[in-house]
There are 2 protein chains.
Amino acid sequence: MISAIDQQDVKKERILEAAHHRFLHYGYSKTTMNEIAGDLSMSKALLYYYFPDKSQLYVAVMKKVAAEYLKSLSDKINTFADLKEAFIFQIDTQHDFIVTNYNFFDFFRLNEQNLPDVIWEIVDEVHNSEAQLLVSAIKTEVARGKIKPVANPEEIVALLLDALHGVRAKSVSHKKTMFPNKEHLAEIRAKRLLLADIFIKGLMY
Amino acid sequence: MISAIDQQDVKKERILEAAHHRFLHYGYSKTTMNEIAGDLSMSKALLYYYFPDKSQLYVAVMKKVAAEYLKSLSDKINTFADLKEAFIFQIDTQHDFIVTNYNFFDFFRLNEQNLPDVIWEIVDEVHNSEAQLLVSAIKTEVARGKIKPVANPEEIVALLLDALHGVRAKSVSHKKTMFPNKEHLAEIRAKRLLLADIFIKGLMY
DNA sequence: AAATTGATAATTTTGTTAAAAAAGTCAGGA
DNA sequence: TCCTGACTTTTTTAACAAAATTATCAATTT
């Protein structure tokens, strides 16, 4: 027999999927609770039975999305042949993650300031996992004697992540913020890899 | 005898100063032509006699400000003992420049997109001068045999400038965008110097 | 003629309010 | 316990008037 709790979870999961779909395609502000309910052929009131309000539904979706991302990181941690490979993985994985979920994150860009703390906790968790992956890769590389012992790997990784974040396509530096196209994405990726490369050399003996 | 043209230039200069003062303290949108005229005890109509409109007055002020900055760069170019010194100079000079003119640039932050092309031309000019300074420093360092020959110094410099731009104070990564205080500024500077340091090592033999 | 101004026109921003849309609640039914 | 339709409350949008600001110009002074 299937317990009531399980049933609830299944339904919650369906709601999360429908919500994710809407948020991903139309963004937070352009999807209504009615539409989500409509997609599921259920009443809007039922959504409120399962989730306290719209923003917490969004956060729940976000947690799911983040969990998948975190899994893709933890699956790979400590499996890299060298430091460079770890950086490449980080750069590419994060890149894909942001591109696939671009519209979903309009909520961020819209509110920018004064986002609920829960959101920042998730963001921090993701940041920390990314950092951990690289910190671990650095430590391994040090242990292998490939690079100089690093006094504070956490600091170094945070610095490089910030630096990578600053790298943008030259061609869109001004001009209308068109959604970066394929070429731009490739350009950004190439630059980041180059930066990581120089950075790694800077850590060597 | 003082020519009419000279007189005009003198008056234009006075207007630019008054405008700069207002823009710097209250930003573009919060200063009115009436206020600038009032500061100079002249009629608003006279401002329009000397400058076609508000935005072009702003651009004129900006050109003046940029010219000063460019001068401080050209005064120092090719005077550095080593590459690191050049980077430190770039980081500190740009930092001071942005901090002193913070409010003046609210025009940028407000319009963000669709700024007039003239503005971008000035920004580009400044960027190029900063890059030139560092490119020149790199070439000198290569000539001195301190670092490996760099195939494309322009590219490398552009990359590092982007990277430095991405470096922010950890403590304000989320939270309300309060104006970064003294501590934050110091933190950012320290991080940038560290990044430049590692970067330079990455360019060495 | 060049420099200046007060008065005025044109445009943009701000404030107000009503209507529409969306979020959120609840009593009651299966 | 799960679910809904009808309802209330809050937020967004639209329309429009009032106020502020930009911009112009005919007239005046130097």
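Taking only side-chain atoms of A:T32, from C-beta outward, the nucleotide of C:dA23, D:dG5, D:dA23 with the closest atom is C:dA23. For B:K11, the side-chain atoms get nearest to C:dT4 when compared with the rest of D:dT21, C:dT4, D:dT4. Proximity note for A:M42 (side chain, C-beta onward) versus C:dT25, D:dT4, D:dC3: the nearest is D:dT4.
There is no side-chain donor-acceptor pair under 3.5 Å between A:N34 and A:T32.
Residue A:K54 places no side-chain atom within donor-acceptor reach of the base of C:dG24, judged by atom type and a 3.5 Å distance cut-off alone. A donor N or O paired with an acceptor N or O is not found under 3.5 Å between the base of C:dA22 and the side-chain atoms of A:K44.
Of the side-chain N and O atoms in A:Y48, one or more sit less than 4.0 angstrom from OP1 or OP2 of C:dG24.
Regarding A:Y28, its OH atom lies at a distance of 8 Å from the P atom of C:dA23, rounded to whole Å. With rounding to whole Å, B:N34 atom CG is found 18 Å from D:dA19 atom P. B:F51 places its CZ atom 15 Å from the P atom of D:dT24, with the value rounded to the nearest Å. Between the CE atom of A:M33 and the C1' atom of D:dC7 there is a distance of 17 Å, given to the nearest Å. Separating the CD1 atom of B:I36 from the C1' atom of D:dT21 is a distance of 12 Å, rounded to the nearest angstrom. The OH-P distance, from A:Y58 to C:dA23, rounds to 15 Å in whole Å. Distance, B:L40 CG to C:dT4 P: 11 Å, rounded to whole Å. One atom, OH of A:Y49, and another, C1' of C:dA30, lie 13 Å apart when rounded to the nearest Å.
Residues B:Y28 and B:F108 keep their aromatic ring centres 6.0 Å or farther apart. Checked against a 6.0 Å centroid threshold, the rings of B:F87 and B:F80 do not count as neighbours.
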**OP:** Would you check, one step at a time, whether the test salt bridge (charged side-chain N to carboxylate O under 4.0 Å, His left out) holds for A:D162 with B:R168?
**Re:** CA-CA 7 Å; A:D162 278 0; B:R168 292 279 171 274; over 6 Å; no

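At least one donor-acceptor pair closer than 3.5 Å links the side chain of B:S74 to the backbone N or O of B:K71.
Contacts of A:T31 with the nucleic acid, taken as non-hydrogen atoms under 4.0 Å apart, involve only primed sugar atoms and P, OP1 or OP2.
The 5' end of DNA chain C is approached more closely, in terms of each residue's nearest nucleotide, by B:S43 than by the other of A:S55 and B:S43.
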